[in-house]
Amino acid sequence: MPDTQWPRYEVFKQDAPGQPHRSIGTIHAADPELALLIARDVHVRRPDCASLWVARTDDIFSMTADELAAHPDWAAEDIPGGAVAQTFHVFQKTTQRRGMTFVVHTGDVQARTAREALRLAMQRFPKPEVFVWWVCQAGAVTRSEPEMESSWFAPARNKTYKQQAYYGETGARPEGSGAGDEDDPHPE
Amino acid sequence: MGDTHEGHHANFEARIARGERIEPGDWMPEDYRRQLIRMISQHAHSEIVGMLPEGTWIPNAPNLRRKMILIAKVQDEAGHGQYLYHAAETLGISREEMLDALLEGRAKYSSIFNYPTLTWADVGMIGWLVDGAALKNQLMLAQCSYGPYGRAMTRICAEETFHHRQGKEMVVRYARGTPTQRPMVQDALDRWWWPTLMMFGPHDADSPNTPVLVRWGIKTRTNDELRQEFVNETVPELLACGLSIPDPDLRHDETTGNWNIGPIDWDHFWQVVKGNGPMNRERLAARRQAHEDGRWVREALAGYAQRQ
Amino acid sequence: MKTIHTLSDLDVALAARLLALADDELILAHRASEWTGHAPILEEDIGLANIAQDELGHAGLWYDLYAALAGSDPDRLVFFRDAGGWRNVQLVELPKGDWAFTMLRQYLFDSYEAALLERLAEGRHEGIAGAAGKIRKEELYHARHSSAWVKRLALGTEESRRRSQDALDLLWPYTRQLFIPHEGDERLAAAGYAPRLADVHDIWTAAVRSHLESSGLRVPDSPGVAVRRDQHTPHLTELLTEMQRVARLDPEAIW
C-alpha cells in the first residue's frame, strides 16, 4: 500500500454504558490493534467515553436515502448456497440537526449478506425518516475492552486544562455563541 | 425527481434550501465536490503547517502548566488536520494526494502560518488573535451543508475555543506583567495584528467565489462581515489590557458602533500568499523532512500488517 | 517552613526518591514533546503528545509530594535548577534519536514504571500510594502503545528491525541505572513505602526479555555502568538550557 494511504477505519464511541455507539469520525491505520490505539488518540482526547469500536470502512455497507431512491434494485443479489447468517450491527442517521450526530447504532440483525442485513434492518427498525443506513458485520469490529475504560478514557476527565470553561473570563465581553452546543457530546 | 442532471441539481439545491445535510453517497454537482475538496484540504493543510509556529516553543515553555497547555494545543491542531483530511477523503481525494501536494509546495494553506514566532508572547497572541479569527470562520462553517465538513468543524470549534481562551489569558497577564513581559507582548501585537485581519481574506468586492458558496450552504457570511465582527470584539478587549493597536487610522464610529480600521496593505498579503513570506520555505521544508525521515516507519507498519 | 535539614532520615530518603521519580518523568516528557510537529505519521504527532502530557502530569504529582516535604515550588525546581541538582537517570536525558530509539526507550522505561508503580501503589505511604495508583492507570495505556510500536518496528522491515536492534543495543546499558538503589532506599523498604529496586529489576527483566525476544530482537549482554543519579551526560545541560531559557529571562515573572 502506498506510503500514507492505510486502510480507513470508521470510529464509533459509546459515551456512557447503556448508550448506543455513535459514529464520530475516521482514522487510517495499518492494522486493527493500531487502529484502536489511534482512534483513542485522535478522537477520544476529551471525556466521556465508555467504549470504542473501529471497523474498516470497506467492511461497512452504506446507503443514503438519496442512493436508495436512485437505485430501486439495490437489494438484488445472488446469495451463495452455503452462506451462514452472521450478526450485523445496524446504524442509522435519523436527524438533519446540525452538530455532531451522524449514524447511531440502533440494533442488530442476523443475515447472510450486507444487503440482506439492510433489507431486514429496514423492516426491523423502521423510522419516519432515515437519511443514512450503515450495516456492518459484528465480526469486523475491533472493540475496546471494558477494563480499558479506567486507563484509556477515564483519565481525560482530569485534563481540565483542555476545556475552555477552565479559563477565567478575561475579556470585557461574553463569549460568542458556542458552536457545537447542539448535539455536542462534550458540552463545555 | 427526474433522472436528468437538471433533475438531480434541482433536488440537490432543494435539499440544501430545506437545511438538509449532504452525506457521502448523495448526488452532488461536480463543482460542489471540487470547491469543497479545495476548501477542506486547504483548511487541513493550514492546521498541519500551523503546528510549527507554536510547536517550536514547546521546549521553551516557561512553566509546567504552559508546557502542558501548549502541547495539548498543538496536538489538537494535528487532530484537526486529521478530521479535515478525512472529511476531504469522503469526496474522493486520497490523503496521499493531499499530502504530496502540500509537501511539494503545490497546495495552498492559510498564509498566516508563514510568519515567524519570535518570542514566547507570540504564542499567547496567536491563541487570542489567530485562533479567534479562525473561530469566526469555523463557527460559520459548522453550519455547512456537507455533513462530514460540518461535523468536523463543530468538533474543531469546540476544541478551538480553549485555544482562544488560553491565548487571551496569557496576553492579559503579560500586558499587566513585569517590565520584561509588557514590551514583549506589545511587540507581538504589533507584528500579528495586520496579518490576522488579512486572514479574513480580500474585501468582498474582490472575492468572486462567494455567491455560489452561499447558495450551496457553504459560506454564509462575507469576508468583510466576519472581519468587522472580529475587530469590534477584539479592539476594546486589547485596549482594556493597556495595549495599543498598531493602526494610526483606527477610529470608533459612535453611530454604528463599529471600530473602523485603516487601509490593509494587500501587496504585502499577496506576496505572502504567493510564497514569499518569511517562513514559507522553512515550514514546508520542516514538514518535508519529517515526512522523509518517517518513510521507513510507515514502511515498517505496512510490512507488519502484511504479515498478519 | 521546613528545609531539607530539619527532616527525619526517613523523610530525607523519601524526598530523594520523590525527586528522582519526578525528574525521570519530566525529562522523559520533554524528550517526547520534541516530536510534536515532526512525528513520522500525523497520528503520532497526536499519540506521543498525549504521552508527553500525561508524563508532565505525573511529574507534577511527584513534585507536589516533594514540595510538601521540602517546601520548594515545582516550577522553581524545574526551571531554575542547574544540571548538577537533577536526579533523573541518564536513560531519559539522551537525545530523542530516531523513531526506533524513542519507542524502544519509551518501552523500556514504561515497563520499569509498570513494575515499580504496582508496588508503590500497594505501599504504606498514603501520598505515594495515591499518586502511584493514579499514574498507573495512564501508564497502562502507555505500555500498550510503546509495546505495540516495538513489535511493529522490530517485525516490520529489515531496515526497521536493524534500527530497533541498534536502538536496543545503545539503550540497554543505560537501563542498569534504573535499578541502582538510592541512598536511603533500605529505610523506605523497611517502612513499607517503596519496594527494593532489585525486586523490581527481576520483574522488569522477565517482562521485557519476553516481549523483545518475541519481537525478534536480541537482548544485549552488556551489564552497563553503575552511575549515580547525580551524574549526568552533557545532554542534560543542553536540554535544560533550552527548557529554562524563557523562564530565566525574568525570575520574577509569572507566565
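Proteins get letters first, then strands, A, B, ... in listed order; numbering begins at 1 in each. Just so you know, these numbers come straight off a predicted model, no measurement behind them.
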Can you tell me how far the [atom1] atom of [X] sits from the [atom2] atom of [Y], to the nearest 0.5 Å?
X: C:E252; Y: B:Q181; atom1: CD; atom2: CD; answer: 10.5 Å
X: B:R65; Y: C:D75; atom1: CZ; atom2: CG; answer: 10.5 Å
X: C:W255; Y: B:K67; atom1: CH2; atom2: NZ; answer: 15.0 Å
X: B:H291; Y: C:L42; atom1: NE2; atom2: CG; answer: 11.0 Å
X: B:E77; Y: C:T36; atom1: CD; atom2: OG1; answer: 11.0 Å
X: C:D73; Y: B:N63; atom1: CG; atom2: CG; answer: 9.5 Å

With a 4.5 angstrom heavy-atom cut-off, could you sort out which part of [X] is near chain C: side chain, backbone, both or neither?
X: B:I48; result: side chain
X: B:L52; result: side chain
X: B:L64; result: both

Practice task
Look at C:V246, C:L153, C:L249 and state which one has the largest set of heavy-atom pairs under 4.5 Å with chain B.
Solution key: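 Greatest number of close heavy-atom pairs with chain B: C:V246.
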Exercise for the section: Output the option from C:R245, C:E242, C:E158, C:Q244 having the highest count of non-hydrogen pairs under 4.5 Å with chain B. Expected result: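 The option with the most such pairs is C:E242.
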Exercise for the section: Would you sort out whether B:R287 and C:D45 count as a salt bridge (Lys or Arg N to Asp or Glu O under 4.0 Å), showing the intermediate values? Expected result: CA-CA 12 Å; B:R287 220 49 233 190; C:D45 276 318; 3.1 Å; yes
If you tally heavy-atom pairs under 4.5 Å against chain C, which of [options] wins?
options: B:A61, B:P179, B:G124, B:A121; answer: B:A61
options: B:L70, B:N60, B:T178, B:I58; answer: B:N60
options: B:Y85, B:W120, B:Y174; answer: B:Y174

Practice task
Using atom types as modelled and distance alone, determine if a side-chain donor or acceptor of C:R152 lies under 3.5 Å from a backbone N or O of B:G303.
Solution key: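 Pair absent, no side-chain N/O of C:R152 close to backbone of B:G303.
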Practice task
Could you verify whether a donor N or O on one side chain and an acceptor N or O on the other, from B:Q75 and C:N50, lie under 3.5 Å apart?
Solution key: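 C:N50 and B:Q75 do have a side-chain donor-acceptor pair below 3.5 Å.
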Practice task
Taking all heavy atoms of C:A247 and all of B:P62, pick out the closest pair and write down the distance.
Solution key: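 Here C:A247 and B:P62 meet closest at CB-O, 3.6 Å.
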Please look at [X] and chain B and tell me whether the side chain, the backbone, both or neither of the residue comes under 4.5 angstrom of a heavy atom of that chain.
X: C:R161; value: neither
X: C:I41; value: side chain
X: C:W149; value: side chain
X: C:A154; value: neither

Does [atom1] belonging to [X] count more than 12 external heavy atoms closer than 6.0 Å?
X: C:F79; atom1: CZ; answer: yes
X: C:K96; atom1: NZ; answer: yes
X: C:I254; atom1: CD1; answer: no
X: C:R218; atom1: CZ; answer: no
X: B:Q308; atom1: CD; answer: yes

Handout entry: Criterion side chain to side chain contact (heavy atoms under 4.5 Å, CB included) on B:W296 and C:D98, from CA distance to verdict
Key = CA-CA 11 Å; B:W296 68 268; C:D98 69 2; 4.0 Å; yes
Handout entry: Side chains of B:D293 and C:P40 in contact at under 4.5 Å (non-hydrogen atoms)
Key =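 B:D293 vs C:P40: side chains apart.
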Exercise for the section: Considering only NZ, NE, NH1 and NH2 on the basic side and carboxylate oxygens on the acidic side, decide whether C:E43 and B:R95 come within less than 4.0 Å. Expected result: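 Salt bridge flag = yes for B:R95 with C:E43.
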